[in-house]
Amino acid sequence: MVTRQLPKIPELLELMQFKTPDLNGRRRRLNSALTIDDLRTIAKRRTPKAAFDYTDGAAEGELSLARARQAFEDIEFHPDILRPAESVDTSTEILGGRSALPFGIAPTGFTRLMQTEGESAGASAAGAAGIPFTLSTLGTTSIENVKAANPHGRNWFQLYVMRDRDISYGLVKRAAKAGFDTLMFTVDTPVAGARLRDKRNGFSIPPQLTVGTIVNAIPRPWWWVDFLTTPKLEFASLNTTGGTVGELLNAAMDPTISYDDLSVIREMWPGKIVIKGVQNVADSKRLIDLGVDGIILSNHGGRQLDRAPIPFHLLPQVVREVGDDATVMIDTGIMNGADIVASVALGAKFTLIGRAYLYGLMAGGRQGVDRTIAILRTEIERTMQLLGVASLEELEPRHVTQLQRLTPVSAAAVSAAEASRA
């Protein structure tokens, strides 16, 4: 039988430790975020709908994005037991340099519309974390200012080939002069995808005030104060603005780009060159045979061709065909450090995060990007320890099984079905 007694004050004080309140609202808000999805929730609350949906949305029915994220959820890990991994090494060699983590920040367009610190916050956070930062052709901070924000870190430049080739060539030369070490030649955007959320929201560059945007802005005055009291958006490549994102892309992009353009750019660029937007095995093999420094399996975050191949599903087959030594990278759908670990286990040399970075940026500027990186780092380290691996080199395909939810219909099955209907 339990013996009961009156509470003793000293014992109660030992059990009840009062936490000192954090009076810094931004720090308190970001520390409450334990996952990238938590950062997304904060970002949605703090950012006007049109700007948030530009980041969060994808093309048409947004099936490509949903499938990419589902693919990462549909995996099974196979840990090794009694394999101590008290500390893990998350660093890797990529494109001639070191990265402290197996991911970098992907190129994102119009970034200062999401939060006014924009690419400067991303570049400085990447530099502090020891990972690469990629500036988009459609970035809202100049090449030179990104270099100033990340003077000693690794800066990469993502290139679109424009209708006016001189604009593209000029950007290549500026990036090389500024010391950017890698050029990311993007090939999946001959025309803009149908980003329906942007059309429904009337999202345009620059933002247009409507009754809807004003009503939506009322509970988010801080965003408008930041936007109206900071320097005008600075585009690396657009001489004029005015219209939806799709209209601007279609006016600038050239649907006739070809391997000839790749040859020209390779001659101009002194550093490493990787091709972003590869979506099948045949193109992967051809590009590696041509001697590019790497390829990125990507469907542009689901923002171009809806129902496009899922990069994570494509990864094992591409690695098998092009060889383990080829530099194959992956993006689209990464929301957890475990997604990154699974990608490396299946042969990816590196990964890129886009939306995950922007959710952090919208949630808290530079500090929010730091929080994104910290969350992913913790998830990577914990997943590796639970798998029993102490370094990225120890990750192997045997550690991951991709659970198939979308199974292709075989040609034989199609022929049999047609025969039965005849």
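The chain is numbered in sequence order, starting from 1. Just the heavy atoms: all of them, side chains too, but no hydrogens, waters or symmetry mates, feed the values below.
Taking OG1 of Thr47 as the start and CH2 of Trp223 as the end, the distance is 8.5 Å to the nearest 0.5 Å. Put simply, CZ on Arg320 and CG on Leu346 are 10.0 Å apart, with the number rounded to the nearest 0.5 Å.
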Could you list the donor-acceptor pairs under 3.5 angstrom formed between side-chain atoms of residues 281-294 and any protein atom two or more places apart in sequence or on another chain?
from	atom 1	to	atom 2	distance (Å)
Asp283	OD2	Asn280	ND2	3.1
Ser284	OG	Asn280	O	2.8
Asp293	OD2	Ile273	N	2.9

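Using a 4.0 Å cut-off between charged nitrogen and carboxylate oxygen, Asp254 and Arg163 do not count as a salt-bridge pair. Salt-bridge check for Glu62 with Arg197: passed, with a basic side-chain N closer than 4.0 Å to an acidic carboxylate O. Using a cut-off of 4.0 Å between Lys/Arg side-chain N and Asp/Glu carboxylate O, Lys272 and Asp181 are scored as not salt-bridged. A salt bridge does not link Arg69 with Asp339: every distance from a Lys NZ or Arg NE/NH1/NH2 to an Asp or Glu carboxylate oxygen is 4.0 Å or more.
Side-chain atoms of Gln70 never come within 3.5 Å of backbone atoms of Ala66 as a donor-acceptor pair (strictly under, hydrogens ignored). Of the possible donor and acceptor atoms, one in the side chain of Ser64 sits under 3.5 Å from a partner among the backbone N and O of Ala308. Remark: side-chain polar atoms of Gln304 are paired, donor with acceptor, to backbone N or O of Gly193 under 3.5 angstrom. A donor-acceptor contact shorter than 3.5 Å is absent between the side chain of Thr351 and the backbone of Ser343. Counting only distance, with no hydrogens or angles, the side chain of Thr332 and the backbone of Gly301 share a donor-acceptor pair below 3.5 Å.
Ring pair Phe227/Trp224 is perpendicular by interplanar angle, where above 60° counts as perpendicular and below 30° as parallel.
A centroid separation of 6.0 Å or more is found between the aromatic rings of Phe103 and Phe350.
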